[in-house]
Amino acid sequence: MLVRFRGKSEALSRFHCFKSQYLYSTSARNAIFVKYLIDSLGFSKAEASLASSKVTLGKSFKKNPDLVLNFLKLTGFDKTQMKKLVSTSPKFLFYDVSKTLKPKIQCLMDIGLSGWDLVNVIVKDSTIVERGLLTHLKPTLNCLKRILGSDENVVKAIKSTSWLLSFGGRNVMENNLLLLKNYGVSDDKIRKIVLRNPRYITQKPEWVKDLLHRVEKDFGIPLHSSMFPYGFHTLASQKKARCEKKIEIFKSFGWSDDDILRMFRKLPYCIALSEVKIQKGLSLYMKELGFEPAYLASHPSILIYSMEKRVLPRMKVLKILDEKKLERRKMALYTAVSLKETKFIEYFVLPYKDQVPNLYEPLQKTLAP
């Protein structure tokens, strides 16, 4: 439950002068407000003047901002967070605590958003509090719950994309949910897509429809496939022209359309790699090591691994063992590179620590995660 608001008496002192100064000129009000920000939140004079210029001190000048600061402190905001919030939205200081702040904060806490997470969401997007509780905030939370299935998932989405709560196109989210369902995308896959990047559900339905077509028709991943959410995310995360440019790189190394589609269906993320990483990987595996496109398309994860932190250091270890003609496990490079770091060390480093004391050095500064 929301912590009970206390401390009205101690909050009345610092800003008591505001009520008595209500009839002052605009410049006088601004000067009083600037001094208040400096004294209460540690603003510099320049910062306070900038914040003051963002708010019109009319009727709100009658209200006591100490009540808001006291409430925020009890809710979990520290001074730095309050300063950041007020810098962005100084009118926050003049919200009604009982009618505006407490009900909306409580609404967020009711779904499980609390502590640092609650504070961080509001600091990142203070316009959440400007939205109507019954006309926007609650309906938006209900919509997100229909999409994501649980309060826990809604909290995850809000933590990564706080503006979901201030986003004004709730009907867009509803239409996209209906669109995905009509195409036969399961609730579980919809949740995976939206949790991966909540902005997908806020795009125009035409954009979503185009992505569905590309994943299913152009790249051959059925909407019911377990790889569908990953294919959707890969194509959605980059512009079509950039994606096509990366495909051309694969083709320049002799890959056929079938090779590229096979790779994409097994591991869509390969098309999300940077152009430089794709070039480096293909140059090493194909030009230096002689791997064929069909092999790489069937073992695409080898393209994902870091060259500097994983592939090259491990290749160096294996090369040292072979040059010294030491008997070692016969293992394909793909398998050796795919091993967890501890397993690789167990198989290819520890057994030879006496014969090759420095064998661990190539891995020491480049341990893979």
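Everything numeric in this text was worked out from a predicted model, so none of it was measured.
A salt bridge links Arg314 and Glu341; the closest N-O separation between the charged side-chain nitrogens and carboxylate oxygens is under 4.0 Å. With respect to Asp259 and Arg262, a salt bridge is recorded, a charged nitrogen being found less than 4.0 Å from a carboxylate O. The existence of a salt bridge linking Glu47 and Lys83 is confirmed by a sub-4.0 Å separation between a basic side-chain nitrogen and an acidic carboxylate oxygen. Using a cutoff of 4.0 Å between basic side-chain nitrogens and carboxylate oxygens, Lys280 and Glu275 are not scored as salt-bridged. Taking a cutoff of 4.0 Å between a charged side-chain nitrogen and a carboxylate oxygen, Glu206 and Lys209 do not qualify as a salt bridge. In summary, Lys35 and Asp39 engage in a salt bridge, as defined by a charged side-chain N under 4.0 Å from a carboxylate O. Lys240 has no carboxylate O lying under 4.0 Å from a charged side-chain N of Asp210, or vice versa, which leaves the two without a salt bridge.
Side-chain contact between Leu101 and Asp96 is absent, with no heavy-atom pair separated by less than 4.5 Å. Two residues are said to be in side-chain contact when any heavy atoms from C-beta on lie closer than 4.5 Å; Leu164 and Thr140 fail this criterion. In this structure, Ser44 and Ile38 have side chains that are not in contact, with every pair of non-hydrogen atoms separated by 4.5 Å or more. Lys353 has its side chain out of reach of Tyr360: every pair of non-hydrogen atoms, C-beta onward, lies at least 4.5 Å apart. Between Phe348 and Met331 there is a side-chain heavy-atom pair separated by less than 4.5 Å. The shortest side-chain heavy-atom distance between Tyr230 and Ile221 does not fall under the 4.5 Å cut-off. Residues Asp78 and Met82 have side chains not in contact (no heavy-atom distance under 4.5 Å, counting atoms from C-beta outward). Looking at heavy atoms from C-beta onward, Leu326 lies out of side-chain contact with Ile320 at the 4.5 angstrom threshold.
Counting non-hydrogen atoms of neighbouring residues, nucleotides and ligands closer than 6.0 angstrom, the NZ atom of Lys124 exceeds 12 such neighbours. Crowding of Lys138 atom NZ: a count of heavy atoms from other residues, nucleotides or ligands under 6.0 Å not exceeding 12. Under a cut-off of 6.0 angstrom, the local environment of CD in Glu292 is sparse, with at most 12 non-hydrogen atoms contributed by other residues, nucleotides or ligands. Summarising the local packing, CD of Gln355 is surrounded by more than 12 heavy atoms from other residues, nucleotides or ligands at distances under 6.0 Å. The environment of CZ in Phe43 is crowded: more than 12 heavy-atom neighbours from other residues, nucleotides or ligands sit within 6.0 Å. For NZ of Lys84, the number of neighbouring non-hydrogen atoms (other residues, nucleotides, ligands) closer than 6.0 Å is 12 at most. Counted within 6.0 Å of CD on Glu323, heavy atoms from surrounding residues, nucleotides or ligands total more than 12; the atom is thus considered enclosed.
Tyr200 and Asn176 share no donor-acceptor pair across their side chains, judged by distance under 3.5 Å alone. No hydrogens or angles considered: a donor-acceptor pair under 3.5 Å links the side chains of Thr127 and Asp125.
Aromatic rings of Phe33 and Phe94 (six-membered ring for Trp) have centroids within the 6.0 Å cut-off, being under it. Centroid-to-centroid, the aromatic rings of Tyr295 and His299 come within less than 6.0 Å.
Heavy-atom minimum distance, Met263 versus Cys270: SD-CB, 3.6 Å.
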